[in-house]
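Treat the numbers as computed from the prediction; the structure is a model and nothing was measured. Residue numbering restarts at 1 for every chain, and letters A, B, ... go by the order of the sequence lines.
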Amino acid sequence: MVCETIMRTEKIDSLNPAQRAAVEHKEGPLLVLAGAGSGKTRVITHRIARLVERGVDPRKILAVTFTNKAAAEMRNRVRKMVGGDLQGLWLATFHSACARIIRISAERVGLTRDFTIYDANDQKRLMTDVAKSLGADQEASPKEFLNMISMHQGRYEGPEVLQETDPFDRTYKLVWEEYTKRLRKANAADFGDLLVLALQIIKEDALKQKGWAVRWDHILVDEFQDTNHVQYLLAKTLSQHTQNLCVVGDDDQSIYSWRGADVSNILEFEHDHKDTKVVTLEQNYRSTKIILDAAFSVIKNNTGRRDKKLWSTLGAGEPISIYVGFNERDEARYVAQIAQKLRRRGSLGDLAVFYRVHAQSRAIEEALREASIPYRMVAAMKFYDRAEIKDLISYMRFIFNPASDLDLKRIINTPKRGIGKTSVGKVEKLGGMKNITLYEALKEAVKPGSDVLGSGARKKVSSFISLMEGLLQRASQVLPSQLAEEILQRTGYVENLTHAKNREDAQRIENLMEMVGSIRAYEGEADEPSLLDFLERVALTADADGAGGEGKAVTLMTVHAAKGLEFPEVVVTGMEEGVFPHARGLFDEIELEEERRLAYVAYTRAKQRLYLTRTESRNLMGQTRFNEPARFLREIPRNLCKQESSVNKKSGLNGEGMRVFGRGSGSEYGRPDGWNEISRAMKDAAFNNRTHSSRGSRKRSSGKESPGLRAIRAEIEARERKKAAANREQTKSIGVQPERRRKRSQTKGGGQSTHWYSGMKVHHKKFGPGTVQAWYGEPPNQQISVYFFKHGIKTIISRFLEPI
DNA sequence: CGAATGCGACTTTTT
DNA sequence: GTCGCATTCG
């Protein structure tokens with residue numbers, strides 16, 4: 001304890017030599033390779049403080065981070081260090097910094113200061129519209145179009161890179177151009193645009209060595225491994241005149257390549273910047289040695305990483321706990337047990353539970369609620385996602401920027417005011433013809449002499465327009481919160497809910513009140529509260545980080561959300577092939593390595609204790625799966641682990657299994673008998689096998705499998721081997737097909753085979769790439785089939801033979 | 001025009 | 001299991 005305190009103090013007050021070198025570095029490019037927990041944020045904040053101390057004007061410093069959270073934290077720390085005198089320092093996320101730049105120079109890229117930022121939802125709705133109107137909706141889904149666009153944007157490429165000769169590219173190009181046109185017409189920009197447009201502006205300036213290009217003397221970039229090409233170019237262009245570019249990152253923690261992050265930015269930084277000073281931070285101040293060793297033994301399996309290994313003086317610490325649950329509820333119960341243990345110590349806040357995908361949180365939440373353990377979830381946008389909140393925001397956005405057709409369409413008939421699809425469609429057409437915004441078209445349509453609308457609709461539209469005009473006026477006179485209240489009142493939104501009188505509606509009203517409250521809170525906290533600023537925050541803030549509600553509660557979040565955080569105790573759930581690593585990455589080396597980095601990030605969040613859990617059986621997306629243990633589990637040396645308990649102990653398997661499948665509740669109840677039989681048989685086999693192998697040494701039990709199992713295994717393995725090659729080819733070719741719109745076919749007959757399994761006849765057949773459908777018994781029991789991920793029966797059998 | 005119903009699709013990560 | 005969408009019906 002004493003030791004720890006000393007350590008802490010030292011950590012705060014002094015820098016180690018490497019850190020100091022990074023902080024003191026004066027001019028020229030600087031690359032800081034900062035391993036997990038090596039004091040990366042400290043280096044940046046100290047460096048900023050040091051620059052100011054050395055007389056650099058804070059106005060000449062730009063520090064960019066990736067998340068709002070990081071930016072806020074950094075701001076706090078710097079403020080403390082420098083003592084409040086940060087006037088003019090830019091410390092922001094890439095996106096908000098770019099938004100700011102664009103607002104100031106909006107006219108140069110065809111926007112006005114009041115432009116709206118479209119989030120993923122808005123983008124999708126707009127794209128749906130665009131694709132439909134161009135008849136391109138058969139070529140790809142809106143989401144796919146958007147993905148392609150954002151990929152190109154991230155590389156700083158425009159539609160002009162597309163080949164006219166390629167039929168798909170030609171449509172895609174049209175779609176892209178139309179999409180951009182409509183965005184601009186709505187005076188809006190999407191996320192990708194923010195970066196691209198800002199870069200455009202800056203590049204223009206760079207040619208003449210003026211304006212934004214020479215605005216800052218020092219550029220600092222955090223989480224550099226997550227930057228995409230545009231972000232890289234932004235940093236580079238902004239620092240061209242001084243070369244004072246400091247980038248900090250860790251290639252092992254690059255987990256955003258799926259959205260365009262380019263690790264080569266960090267791997268090749270030195271090639272691109274002559275005379276780069278490189279500092280590597282390898283001393284870890286966060287985790288115990290065991291945790292670091294485990295993390296390293298996993299990450300070292302990746303290729304092409306920069307060589308480094310973290311070390312720590314914090315002592316070996318506890319072994320890593322591994323728990324094998326029967327199903328996700330059992331797993332969740334185990335999590336709740338850990339939480340209870342901490343609660344008795346009064347340190348619930350020390351615990352964080354991670355999962356690969358949000359869908360996993362459900363079971364955990366339920367178990368925690370059942371045990372009355374408070375938790376807070378770092379969920380993406382749950383609150384803002386609610387319809388009523390979106391409505392209110394749409395009102396506010398429309399009032400702020402009446403060119404936003406998307407918002408107008410959302411609110412024009414919410415609450416119901418008799419302006420239906422037909423009317424809107426007519427007016428939309430008018431707008432399209434005259435090339436004016438929807439709102440302008442509405443005004444046209446009610447002018448005397450116009451015959452676009454019938455008299456009934458006309459009247460309703462007029463009254464809507466006057467309602468909006470009234471609110472538009474108020475916008476400039478009152479604070480956002482006041483405006484919100486007036487919207488809710490004057491549009492009859494709240495009244496409408498009050499009348500309806502459902503339980504849900506009451507909740508909706510409450511949510512709206514909460515929203516108004518949070519706007520007020522914003523006004524109290526912001527330097528210059530304005531509608532513009534507020535809406536920008538809404539658009540650029542995905543993490544609704546629980547408004548300071550740290551308190552005594554367990555933290556639940558995805559691994560991605562956990563990056564940059566640390567907790568004394570961490571549980572990583574769902575350590576199974578197909579869950580973590582996620583099924584999508586299973587067949588691709590590159591993606592698999594990213595999953596591995598993700599695991600690395602997860603493990604290195606833990607300071608003192610790390611728990612890893614997996615399950616025998618997992619219900620996810622409506623299907624029950626029996627997954628292999630995650631390779632990220634197997635890659636950890638056994639001597640660092642301790643198996644807490646597992647299904648082969650006491651009630652874990654048979655008792656629980658019977659309960660769940662025999663007379664469980666919900667969808668599990670009443671399954672046809674075949675289900676029980678197959679699961680029973682499998683579990684029995686597992687049980688028998690486990691009782692042999694789990695005793696004593698942890699060696700693999702290959703010699704101990706029963707003759708029956710061995711035979712089955714041999715047979716299946718032979719078959720699998722034979723199929724493997726063909727299978728792989730097939731998977732490959734299927735993967736690229738534009739056939740995705742077609743439903744997966746369930747043609748009978750093809751590829752069906754039968755195996756004897758524990759004295760039971762099991763049929764199985766290939767169902768899709770990497771998935772095998774298996775069932776027990778004869779039809780009509782087929783419909784109770786189980787989907788075995790990846791290898792089918794082999795998965796189950798081989799799993800039984802593995803200790804972990 | 002709007003409500004009800006059914007259907008299907010979609011389930012990785014986020015600024 | 002959940003959501004949004006589309007179609008249908010009143």
Side-chain angles (χ1 to χ4, degrees), chain A residues 64-71 92-99 117-121 123-125 128 132 141-143 147 150 153-154 189-195 223 226-228 230-231 254-261 328 354-363 366 378-381 384-387 390 413-425 454 456-457 460 500 536-544 557-563 574 578-586 591 594-595 597-598 601-602 619-624 666-668 740-744:
Chain A
V64 279
T65 65
F66 230 70
T67 66
N68 298 298
K69 228 186 285 170
T93 65
F94 268 109
H95 291 267
S96 66
C98 286
I117 298 167
Y118 274 14
D119 68 14
N121 250 318
Q123 287 179 44
K124 205 174 133 216
R125 283 201 297 152
T128 311
K132 229 179 250 165
S141 69
K143 223 171 142 188
N147 274 341
S150 97
Q153 280 176 331
D190 64 22
F191 283 132
D193 279 342
L194 291 180
L195 304 178
E223 305 282 18
D226 285 333
T227 52
N228 64 23
V230 174
Q231 288 161 331
S254 161
I255 56 174
Y256 283 106
S257 69
W258 51 272
R259 64 177 224 213
E328 72 276 0
F354 301 157
Y355 32 80
R356 179 63 179 79
V357 297
H358 278 301
Q360 287 171 254
S361 74
R362 192 192 191 86
E366 275 167 12
V378 182
M381 305 209 48
Y384 289 128
D385 257 354
R386 304 214 161 101
K390 277 198 204 159
N413 205 25
T414 331
K416 306 273 176 268
R417 40 176 83 89
I419 308 174
K421 258 179 282 191
T422 325
S423 307
V424 175
K460 288 167 181 163
E536 185 164 310
R537 283 196 195 204
V538 170
L540 294 180
T541 307
D543 46 285
M557 65 178 108
T558 65
V559 180
H560 280 88
K563 198 181 67 167
V579 177
F580 194 5
H582 191 271
R584 270 181 127 95
L586 236 37
E591 282 184 58
E594 176 134 327
E595 295 286 323
R597 289 192 291 270
L598 201 49
V601 168
N619 241 306
L620 209 57
M621 302 180 232
Q623 283 183 352
T624 304
S667 61
E668 281 163 345
R740 39 134 227 113
R741 300 219 133 226
R742 193 138 296 162
K743 280 168 220 154
R744 268 197 268 176

Inset, instruction - Answer with base, sugar-phosphate or nothing: what part of the nucleic acid does A:F66 contact at a heavy-atom distance below 4.0 Å? - result: sugar-phosphate
Legend entry - Upstream residue (5' side of DNA chain B) when A:F191 and A:V357 are each assigned their closest nucleotide: A:V357
Inset, instruction - Using atom NE2 of A:H560 as one end and atom P of B:dT12 as the other, report the distance to the nearest whole Å. - result: 12 Å
Legend entry - Any donor-acceptor N/O pair under 3.5 Å between B:dT12 base and A:W258 side chain: no
Inset, instruction - With sequence neighbours excluded, tell me which residues meet salt bridge (Lys or Arg N to Asp or Glu O under 4.0 Å) with A:R259. - result: none
Legend entry - A:E328 CD to B:dT11 C1', straight-line distance once rounded to whole Å: 15 Å
Inset, instruction - Quick one: label A:K143 by what it contacts on the DNA or RNA (base, sugar-phosphate, nothing), any heavy atom closer than 4.0 Å. - result: sugar-phosphate
Legend entry - Heavy-atom pair of closest approach, residues A:H560 and A:I255: NE2-O, 3.2 Å
Legend entry - Length of the CD-C1' vector between A:E595 and B:dT13, whole Å: 9 Å
Inset, instruction - Please report the closest heavy-atom contact between A:R356 and A:Q360, naming both atoms and the distance. - result: N-OE1, 3.1 Å
Each nucleotide N or O in nucleotides 1-6 of chain B that has a protein N or O under 3.5 Å away: list the pair and distance.
residue: B:dC1; atom: OP1; partner: A:S423; partner atom: OG; Å: 2.7
residue: B:dC1; atom: OP2; partner: A:T422; partner atom: N; Å: 3.4
residue: B:dC1; atom: OP2; partner: A:T422; partner atom: OG1; Å: 2.0
residue: B:dG2; atom: OP1; partner: A:G418; partner atom: N; Å: 3.2
residue: B:dG2; atom: OP2; partner: A:N413; partner atom: ND2; Å: 3.3

Legend entry - Separation of atom CG in A:N147 from atom C1' in B:dT14, rounded to whole Å: 12 Å
Inset, instruction - Locate the shortest heavy-atom distance separating A:V559 from A:F354; write the atom from each residue and the value. - result: CG2-CB, 4.0 Å
Inset, instruction - Output yes when A:R362 and A:E328 qualify as a salt bridge under the 4.0 Å nitrogen-oxygen rule, no when they do not. - result: no
Legend entry - Nearest-0.5 Å distance that lies between atom CG in A:D193 and atom CD in A:Q123: 8.0 Å
Inset, instruction - Let me know the distance between CZ of A:R356 and P of B:dT14, rounded to the nearest Å. - result: 9 Å
Inset, instruction - Please report, rounded to the nearest Å, how far the C1' atom of C:dC3 is from the NZ atom of A:K124. - result: 10 Å
Inset, instruction - Respond yes when some side-chain nitrogen or oxygen of A:T93 is under 4.0 Å from OP1 or OP2 of B:dT14, and no when none is. - result: no
Legend entry - Proximal nucleotide (of B:dT13, C:dT2, B:dT12) relative to the A:Y256 side chain: B:dT13
Inset, instruction - Check the distance between B:dT12's P and A:M557's CE and give it to me in whole angstrom. - result: 21 Å
Legend entry - Nearest-0.5 Å distance, CZ of residue A:F191 to OH of residue A:Y118: 13.0 Å
Legend entry - Integer-rounded Å distance: C:dT2 P and A:H358 NE2: 16 Å
